[in-house]
Amino acid sequence: MRVRGAPAIGIAGAYGVVLASFEPRSFSREARRLREARPTAVNLAWAVDRMLRRAEREGAEPGQLLEEAQAIHEEDRLACEAIGRAGQEALADRVLTHCNAGALATGGIGTALAPIYVARAAGRDVQVYATETRPLLQGARLTAWELSRAGVPVTLVADGAVAGLLASGRVGAVLVGADRVAANGDTANKIGTYAIALAAARHGVPFYVAAPASTFDLSTPAGDRIRIEERSPDEVRTAGGRRTAPARVAAWNPAFDVTPHELIAGFVTDRGLLRPPFETSLGGAFGGRTLGPPRLP
Ligand code: MRU
């Protein structure tokens with residue numbers, strides 16, 4: 001969790017492979033360990049596999065691998081900008097977001113936050129509601145910090161306030177990031193996303209997901225096949241490092257949940273805004289890029 005946010009994890013994983021290549025004897029083992037470090041965000045496996053394909057072609061040579069990691073980094077920066085442009089149509093003047101899918105989670109200006117930055121730069125008065133995002137508070141600690149630092153008006157809400165906020169009519173659209181999108185559009189994102197999508201559907205608020213190509217995993221047919229990372233129960237039994245529940249009480253702490261594709265109005269991607277039916281639109285945008293896993297050198 002020193003590096004978090006799906007695209008940033010992928011970029012860090014790629015640089016990690018470069019470091020691993022300085023030690024040829026443990027290279028394969030370390031690359032595998034990196035690949036498995038966070039199981040839900042597919043960007044990590046995607047980036048490590050891409051690095052290993054380069055190593056397969058040209059040998060695990062640090063200089064070549066650094067070039068590949070820098071290319072991954074730069075492509076993500078450009079993807080964020082493309083997402084920012086593609087998201088203008090999905091954006092409303094009052095937007096709700098969850099967790100952190102901004103500059104702190106990517107190699108550029110973010111995924112879900114990118115359209116907001118682009119709109120503000122063009123003079124549009126977009127304001128943001130950000131959820132706290134229990135248990136690790138990425139919304140409060142990161143999104144609220146990032147947006148207010150950029151001069152974007154942001155209002156923090158407790159996760160439990162979301163349904164009431166959507167019912168109040170104050171939010172025109174929901175825009176969140178993603179950790180893995182399956183071929184049918186089912187989307188894994190930070191825990192609590194599914195509940196927000198349900199409430200948005202109930203109140204007729206369009207729910208959009210923003211993500212770069214590296215987050216789309218067309219080899220996974222549907223969301224029930226996505227592995228959800230479970231984290232320490234202590235994250236739920238504490239808040240901001242202070243114990244808030246009896247130490248021995250049981251706690252369940254999945255880090256992500258899966259939002260069924262039926263609740264998603266569209267995907268804001270670096271290949272444009274993709275609408276349902278997603279099997280067709282995602283297949284058309286990302287279908288050609290699925291490659292087999294590399295052989296570890
Ligand atoms: O556990 P984290 O902080 O790495 O969670 C990932 C996320 O930041 C979110 O789920 C985010 O919405 C998608 S990544 C841009």
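Hydrogens, waters and symmetry mates are skipped; everything else that's a heavy atom, side chains included, is used. The structure presented is a predicted model; accordingly, all values stated were derived computationally and were not measured. Numbering of ligands and ligand atoms starts at 1, following listing order.
Some N or O of R4 is nearer than 3.5 Å to an N or O of ligand 1, by distance alone. Here's the thing with G5: one of its N/O atoms is less than 3.5 angstrom from an N/O atom of ligand 1.
One finds the OG1 atom of T193 at 11.5 Å from the CG atom of L263 (value rounded to the nearest 0.5 Å).
The proximity of K190 to ligand 1, defined as any non-hydrogen pair under 4.0 Å, involves the side chain as well as the backbone. At a heavy-atom distance under 4.0 Å, atoms from both the backbone and the side chain of A101 approach ligand 1. Heavy atoms of A178 found under 4.0 angstrom from ligand 1 belong exclusively to the backbone.
The stretch residues 140-159 participates, sequence neighbours left out, in no salt bridge (charged side-chain N to carboxylate O under 4.0 Å, His left out) pair at all.
Ligand-side atoms of ligand 1 in range of N189: 9 (C), 10 (O), 11 (C), 12 (O), 13 (C), range being under 4.0 angstrom from any heavy atom. The ligand atoms of ligand 1 that sit less than 4.0 angstrom from a heavy atom of C99 are 7 (C), 8 (O), 9 (C), 12 (O). Interface atoms of ligand 1 facing A6, defined by a heavy-atom separation under 4.0 Å, are 14 (S). For ligand 1, the atoms lying closer than 4.0 Å to a non-hydrogen atom of T111 are 15 (C). Atoms of ligand 1 found under 4.0 Å from any heavy atom of Q138 (numbered from 1 in listed order, with element): 1 (O), 2 (P), 3 (O).
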key: Pair R35-D49, salt bridge (Lys or Arg N to Asp or Glu O under 4.0 Å): steps then yes or no   = CA-CA 8 Å; R35 196 181 188 281; D49 286 353; 2.7 Å; yes
request  = Apply the test side chain to side chain donor-acceptor pair (under 3.5 Å) to residues R54 and Q64: give CA-CA distance (whole Å), side-chain angles for both, the deciding distance (0.1 Å), then the verdict.
outcome  = CA-CA 8 Å; R54 176 89 182 234; Q64 310 281 352; 2.9 Å; yes
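Between V181 and D217, the closest side-chain pair of non-hydrogen atoms is not below 4.5 Å. With contacts defined as side-chain heavy-atom distances shorter than 4.5 Å, the pair L78/D270 does not qualify. Proximity of E229 to D179: side-chain heavy atoms (C-beta onward) are nowhere separated by under 4.5 Å.
Taking a 4.0 Å cut-off on heavy atoms, A255 fails to register as neighbouring ligand 1. Heavy-atom distances between R38 and ligand 1 reach below 4.0 Å in at least one pair. Using a 4.0 Å heavy-atom cutoff, N100 is listed among the residues neighbouring ligand 1.
Under the 6.0 Å cut-off for aromatic ring centres, Y208 and F267 do not qualify, their centroids lying 6.0 Å or more apart.
Residues meeting the salt bridge (Lys or Arg N to Asp or Glu O under 4.0 Å) test with D93, sequence neighbours left out: R124.
The nearest protein atom to atom 10 (O) of ligand 1, hydrogens excluded, is given as D179 OD1, 2.6 Å; this is a heavy-atom distance.
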